[in-house]
Amino acid sequence: HGCLAEPNIAVFAELAVSSFTTAIVHIFQKWSASMAWAAYNAALAQYPLLTKMCTTGVLMGTGDLIAQTLEVSSGHRHEYSVRRTLNNAAIGLVVSGPMLHYWYKMLDGRVVMSSRVGTVLTKTVLDQTIFAPAIVSAFLTAHSLVNGRTPQQALDRLSSDLWPAMKANWSLWPAANLISFWFVPNHHRVLYANGVSLVWNTYLAYFAARSKSA
């Protein structure tokens, strides 16, 4: 009987250690996520502009890393460019982040219609007819300049690339904004937009790099 008990105890001990480890990891992950969420909200409340700038910069850099991964895996690139990722992150920090902050602040403060449907539709239309062309133009121009093109070359590139980029924009952002303006609370709207932006910024980085090599 002693010979049979030893393996049972060993198995029990292994299961106990495994369960305990899993529980500790789960608790740590929940604690880390909770702490990170609390820290983000605290920073957003105290430093709204700076927090949005940093968040946009990080996500635009992340989007470029994803885009480069796609390019490398498809054979369009042979290696990663750290400079390109830093350039996209800088554009997010200095250009896109502030533009998003002040635009959404203006929309939430000034666009209030007699009905919720009217408010949501008006915000979406204004966003896609005024802000979208402005921020896409700013991104493409800044991308050209930080990559060594002259102002005239940046304008020439903008005139050829803006329309294809806007068509791609309209395939994603109108629906995303309708969801945002209708369902997402104001204080979480930037976070939601940043999540959608990760997909969009990946496309922008990929599109800009492909256009540059053309």
Side-chain angles (χ1 to χ4, degrees), residues 48-49 51-64 66-67 87-113 116-147 149 151 153-212 214:
L49 175 58
T51 301
K52 293 170 190 176
M53 289 171 63
C54 293
T55 303
T56 307
V58 169
L59 285 174
M60 288 193 71
T62 302
D64 179 75
I66 297 173
N87 284 345
N88 279 279
I91 292 171
L93 178 71
V94 177
V95 179
S96 300
M99 289 182 70
L100 286 166
H101 169 76
Y102 288 112
W103 174 252
Y104 281 111
K105 184 177 180 180
M106 186 279 294
L107 279 184
D108 289 336
R110 297 189 180 183
V111 181
V112 180
M113 311 299 289
R116 185 181 180 190
V117 172
T119 299
V120 170
L121 291 177
T122 301
K123 286 183 176 181
T124 301
V125 170
L126 290 175
D127 188 87
Q128 290 304 297
T129 58
I130 298 176
F131 183 69
I135 196 168
V136 172
S137 297
F139 173 83
L140 292 175
T141 302
H143 188 276
S144 293
L145 295 176
V146 298
N147 282 285
R149 296 191 180 189
Q153 289 173 328
L155 289 175
D156 292 340
R157 180 199 175 194
L158 179 62
S159 65
S160 63
D161 290 355
L162 179 59
W163 180 242
M166 287 308 305
K167 288 192 292 184
N169 169 87
W170 288 324
S171 71
L172 172 66
W173 280 104
N177 281 338
L178 284 173
I179 294 172
S180 176
F181 293 136
W182 188 270
F183 293 107
V184 181
N186 291 353
H187 58 284
H188 287 153
R189 190 165 293 150
V190 172
L191 186 62
Y192 167 83
N194 283 335
V196 178
S197 292
L198 183 60
V199 177
W200 173 240
N201 292 338
T202 300
Y203 169 79
L204 273 183
Y206 182 79
F207 177 85
R210 185 176 62 178
S211 174
K212 180 185 176 185

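Note that the structure is predicted; figures quoted are calculated from it, not measured. Index from 1, following the sequence.
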So, for Asp108 and Arg189, which heavy atoms are closest and what is the spacing to 0.1 Å?
OD1-NH1, 2.7 Å

Euclidean distance, Trp170 CH2 relative to Gln128 CD, rounded to 0.5 Å:
8.0 Å

Here the gap from Met53 atom CE to Thr55 atom OG1, rounded to the nearest 0.5 Å, amounts to 10.5 Å

If we ignore hydrogens and angles and just use 3.5 Å, is the side chain of Thr51 paired with the main-chain N or O of Pro48 as donor and acceptor?
no

Given the rule in the side-chain contact (heavy atoms from CB on, under 4.5 Å) test, do Trp182 and Val117 qualify, once you have shown the distances and angles that lead to the verdict?
CA-CA 8 Å; Trp182 188 270; Val117 172; 3.7 Å; yes

Qualifying residues under side-chain contact (heavy atoms from CB on, under 4.5 Å), relative to Ala90, sequence neighbours excluded
none

Which atom names give the shortest non-hydrogen contact between Leu162 and Pro133, and what distance separates them?
CD1-O, 4.3 Å

Taken to the nearest 0.5 Å, the spacing of Ile135 CD1 from Ser137 OG works out to 10.0 Å

Nearest 0.5 angstrom please: His143 NE2 to Asp161 CG, how far?
10.5 Å

Only counting residues at least two apart or in another chain, list the ones meeting side-chain contact (heavy atoms from CB on, under 4.5 Å) with Tyr192.
Ala176, Ile179, Ser180, Val184, Val196

Derivation of the side-chain contact (heavy atoms from CB on, under 4.5 Å) call for Met60 and Leu93
CA-CA 9 Å; Met60 288 193 71; Leu93 178 71; over 6 Å; no

If you take all heavy atoms of Gly63 and Leu198, which pair is closest and at what distance?
N-CD1, 3.9 Å

Report all side-chain donor-acceptor pairs from residues 96-104 shorter than 3.5 Å, counting only partners two or more places apart or in another chain.
{"from": "His101", "atom 1": "ND1", "to": "Lys52", "atom 2": "NZ", "distance (Å)": "3.1"}
{"from": "Trp103", "atom 1": "NE1", "to": "Asp127", "atom 2": "OD1", "distance (Å)": "2.8"}

Where is the tightest heavy-atom contact between Ala142 and Val95, given as atom of each residue plus distance?
CB-CG2, 4.4 Å

Do Thr141 and Leu155 make a side-chain contact, defined as non-hydrogen atoms from C-beta onward lying under 4.5 Å apart?
no

Using the rule given for side-chain contact (heavy atoms from CB on, under 4.5 Å), can you reason through Asn177 versus Lys123, listing the C-alpha separation, both sets of side-chain angles and the distance that settles it, and then say yes or no?
CA-CA 8 Å; Asn177 281 338; Lys123 286 183 176 181; over 6 Å; no

Measure from the side-chain N and O atoms of Thr119 to the backbone N and O of Met113, and report whether any donor-acceptor pair falls under 3.5 Å.
yes

Check Leu145 against Ala154 and note the closest heavy-atom contact, atom names and distance.
CD2-CB, 4.1 Å

Does the side-chain contact (heavy atoms from CB on, under 4.5 Å) test come out yes or no for Phe181 and Leu107, once each step is laid out?
CA-CA 10 Å; Phe181 293 136; Leu107 279 184; 3.9 Å; yes

To the nearest 0.5 Å, tell me how far Leu178 CG sits from Trp173 CH2.
12.5 Å

Atom CG of Asn147 and atom CD of Gln153: how far apart are they, to the nearest 0.5 Å?
11.5 Å

